[in-house]
Structures are given as structure tokens and as C-alpha cells.
Amino acid sequence: MGEALTVCIAASRHVRRLERGCESLPRPRGHAGISRGHQGHLQTAAPEGGPPGTARSSETAALSAGWLGPPLRACPSPGYQVTGVFMKNWDSRDELGVCTADRDCEDAYRVCRILDIPFHQVSYVREYWNDVFSDFLSEYEKGRTPNPDIVCNKHIKFSCFFHYAVDNLGADAVATGHYARTSLEDEEVFQQKYIKRPEGLFRNRFEVRNAVKLLQAADSFKDQTFFLSQVPQDALRRTLFPLGGLTKDFVKKIAAENRLQHVLQKKEYLQPRPGRFISIEDNRVLGTHKGWFLYTLGQRAKISGLRERWYVVEKDGAKGDVFVAPHTDHPALYRDLLRTSRVHWITEEPPAALVRDKMMECHFRFRHQMALVPCVLTLNQDGTVWVTAVKAVRALAPGQFAVFYKGDECLGSGKILRLGPSAYVLQKGKSKSRVAIEGPSDGPGSGPGSGPTL
């Protein structure tokens, strides 16, 4: 878990990479917020027209993401000199005591042998534990639904790995196997220089000119900008996304044609804290569970002895209770309001329109591949935003990331910290208001048809 293969190759003037991921973070039963892991690899390349080490040479370090991972478009050909690097983020052994990372590393090495490119290894086990896994556990203990893939990209792949590639390997750019695009052409990426991002909420917008935009992939179903929504601008402007214009099926076909089929084949860390399942409608105790942090809003709660389907709608961390409701479309599952942490904006911080008007229309999603939801953002002075969905959405959960889009552009994201009331709570409030307006019904003239007493 957490290790990932990865291998890259370059073809003509485009870098194409192949990767295969291992199991991502440990997946506590019922957790729906973790997608299969991305780990990385790296490659270097020199552009056509000059050998490595000359004034015109460029080198590219590449890492990968995904499960079956996109294979390369073609074997190395004149254009880039490429090096493959295996990035290990987790140290674990299977039931036979064999380190699964070693097997993945062997796969990576095998691909590099087939493609006749150099191979290196790098380990970020400690960094992954400190910056990703510890945060994952902390979020769970708070009752939130973490997304370690977004955090891994932010702290490991596009920070630790990026700086290793640039500072230690002398790479001019990195290439990743994510399905995404940017507003730069490949040649423009090699012309980028490091520009430190200014600190502060409202930085001078002229300090970084021509900020690079993060754009959705041509294959909208495979688009992975969701997982890249916390990537810093300095890394994004020096990153290639060679798979951004390809489909998954085409990439797999390329791998098969280049003898890479073998790469296409494919615990518990929190102490139990027993609690109760309680009906949101009548407060009946329906059963018990082993830990409220193991459940995320919207998932099915399998309650012993009950054949009906019940779904998690609220959690009480102080008492350890999990509130459930019948039916997958119960109004207690729907909300239209949330507040995020300070938003990481990819190009501007914050967008000029949001600063000017304090409000901005856009779209957002909080799960990968879910349909984009129209919304209105309201900017707070501390850089957080209120997100008001045009229509209530199902299963919003604290800890998830709200990722914002404008057309094809991914604007950035913020972690969901607070939720507005559910449609069920609002309905109950309206019912109580009506009762209060109507008043007691035991006086003269009361009864059906007599109208409210104002």
C-alpha cells in the first residue's frame, strides 16, 4: 500500500509514461473517500538539437499516477533523453513477508530495460508518513473524510519529488502520467524559470505574469485535475502532461504494442471506539458500530439484524453516535451550503472577479468523476469561501476537497470544514414554524379550515 510503480518514456518531442500503482492508503471499512493510489516515477530528457550536457539540452523528470497507469505513446526516439525513476512512498509486506514495493520496482526496472533508458530509485517513506498518512489519520479521528491522493500530490509528488528532480537531477521539467492539461505547450514548459510564489492572501497580481492554467483532459471521464487541485504554480508551470490529449484505451493499446503488457496486469491504524447507530427520524437506537470515524456521510451503514438499507447522515464525535436514515435519497443526505478552508488558487489568489465582486459563479465537485455542480462562491476575509450550490447535492462530507472549475480550467480547491443544514433539517424547521404560526388548536374557532391564529 502506498508504493507505486512508475516508469516513463519519451517519444519524439513528447514524453509518454507508463505507471502502475499499488494499493493506496489502508482503507478502513466503509470509507468511500480514498481512490487507488498514485505513486511516482521520474524521467529526464534532452530536447532534439543538442546532446545532454550542452547549452541547449533539457532534462525532464517524470512521475506517474493512477492504477493501471497510462503507458507511453511510443518507445524512445530522437527528441528527449529519458531516465526512469521509481518512487517508493510506503514500506509494507504482503502475507508472505514479501515487500510489494520491491515487485513494483522490478516492474519499473523491466520497463526501463525494454525501453533502453536509465533507471533510478528514490524513497519518500518518511515524508509520506509525516505529511500524508499522519494527516489522513488525524482527519479520520476528527470524523472527516480525507482525500490522501490530493494531499500526496501537493506534498510528495509536486514538492519533494519536484525539487529532487530539479535540484538533484538537474531536470528542467517534470512529466506526469495524470490525465490533465495546462495552458502551456511542451516547448514552453522547458522555457520556464523558477519563480517563488509570493506569500499573503492578496498578492501583487503582476509579480507572476502569465500564470499557467490547469485544464481538464481531453478524456473527460479519465480527467484527474481533481487530484491536482492543490499543486503549486511553480511546479505546474514546469510539468508536462503527455496523456492529457489521449484516451485510456488508446494508451493501453500503445503499451501492448510496445511489449509493456505485464505492467497492465493487475490493517487497521485507529483503535476501535464503539458507538451507536441512531435513527435521524425518531432517535431509536438501531445497533452498534466499532468507530464513528470509520463512516463517511452518504455511505451505507450495515447494521446487524436489519435487512433494510440505512445510510449515514450525521456523526456525533463527542458521543460516538452515527445517525442514519432510511433510503439512499433521504433529504438528510442533501445540502446546498458548505465552507472551505483557505482556498489554494492555481493561477490567481483569489481570482480577480471574486475579489472585485466578493461573489463568483463557477462549478465544483467533491468527488472524482462526479458531475460538475453549478455554484456561487462568497469570499471571506481569511481566504476561505462559502459555496452555495444551485441545487442541493448528496453526501457532502467534511474533510473532502471542494474543487472549483470555470469551463475547462481547474481553478483550485479548499478542504470542506463546515456544512450547512440538510434539507431534512430545513424541512423540520419549516414544519415547526408553521405550527408556531398556527398556534394552539384547543381554543374557540380552532379546527380544520379555521385558518391560522396571527
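Here the structure is a predicted model, which is why all the values come from computation and not from measurement.
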Could you tell me whether the side chain of [X] and the main chain of [Y] form a donor-acceptor pair under 3.5 Å?
{"X": "Ser341", "Y": "Gly414", "value": "no"}
{"X": "Gln400", "Y": "Arg367", "value": "no"}
{"X": "Ser138", "Y": "Ser134", "value": "no"}
{"X": "His289", "Y": "Gly320", "value": "yes"}
{"X": "Ser159", "Y": "Ile156", "value": "no"}

Check: [Y] and [X] side chains under 4.5 Å, non-hydrogen atoms:
{"X": "Thr247", "Y": "Tyr179", "result": "no"}
{"X": "Phe241", "Y": "Leu236", "result": "yes"}
{"X": "Thr378", "Y": "Val385", "result": "no"}
{"X": "Phe293", "Y": "Glu139", "result": "no"}
{"X": "Cys362", "Y": "Leu377", "result": "yes"}
{"X": "Leu396", "Y": "Ile416", "result": "yes"}
{"X": "Pro331", "Y": "Gln427", "result": "yes"}
{"X": "Tyr124", "Y": "Cys152", "result": "no"}

- Message: Applying ring-ring contact (aromatic ring centres under 6.0 Å, His included), can you list everything that pairs with Tyr311, at least two apart in sequence or on another chain?
- Response: none

If the condition is side chain to side chain donor-acceptor pair (under 3.5 Å), which residues does [X] pass it with, not counting sequence neighbours?
{"X": "His330", "value": "Glu281"}
{"X": "Asp223", "value": "Thr225"}
{"X": "Thr328", "value": "Arg394"}
{"X": "Lys222", "value": "none"}

- Exactly one candidate in Asn130, Asp131, Val132 meets side-chain contact (heavy atoms from CB on, under 4.5 Å) with Tyr128; the answer is Val132

- Message: Let's go through Phe277 and Tyr295 carefully: what are the C-alpha distance in whole Å and the side-chain angles of both, what is the deciding distance for ring-ring contact (aromatic ring centres under 6.0 Å, His included) to 0.1 Å, and is it a yes or a no?
- Response: CA-CA 11 Å; Phe277 284 116; Tyr295 298 88; 5.5 Å; yes

- salt bridge (Lys or Arg N to Asp or Glu O under 4.0 Å) contacts touching residues 315-339 (sequence neighbours left out): Arg276-Asp321, Glu314-Arg335, Arg339-Asp382

- Cation-pi, Tyr405 ring and Arg365 (6.0 angstrom, 45 degrees): yes

- Ion pair check, Glu361 and Lys406, cut-off under 4.0 Å: no

- Message: How about CD on Glu308, more than 12 heavy atoms from neighbouring residues, nucleotides or ligands closer than 6.0 Å, or not?
- Response: yes

For [X], all residues meeting salt bridge (charged side-chain N to carboxylate O under 4.0 Å, His left out), sequence neighbours excluded:
{"X": "Arg273", "answer": "Glu141"}
{"X": "Arg126", "answer": "none"}
{"X": "Asp167", "answer": "none"}

Kindly write out the residues that satisfy side chain to side chain contact (heavy atoms under 4.5 Å, CB included) with [X], not counting sequence neighbours, or none if the list is empty.
{"X": "Asp357", "value": "none"}
{"X": "Val125", "value": "Lys88, Asp91, Ser123"}
{"X": "Leu215", "value": "Arg181, Lys213, Glu409"}

- Message: I'd like to know whether Thr384 forms a side chain to side chain donor-acceptor pair (under 3.5 Å) with Asn380, so could you lay out the CA-CA distance, the side-chain angles of the two residues, the decisive distance to 0.1 Å, and finally the verdict.
- Response: CA-CA 5 Å; Thr384 64; Asn380 300 309; 2.8 Å; yes

- Query: Is the Phe136 ring parallel, tilted or perpendicular to the Tyr140 ring (thresholds 30°, 60°)?
  - Reply: perpendicular

- Note on the structure: In short, Phe323 meets Ser279 closest at the heavy-atom pair CD2-O, 4.5 Å

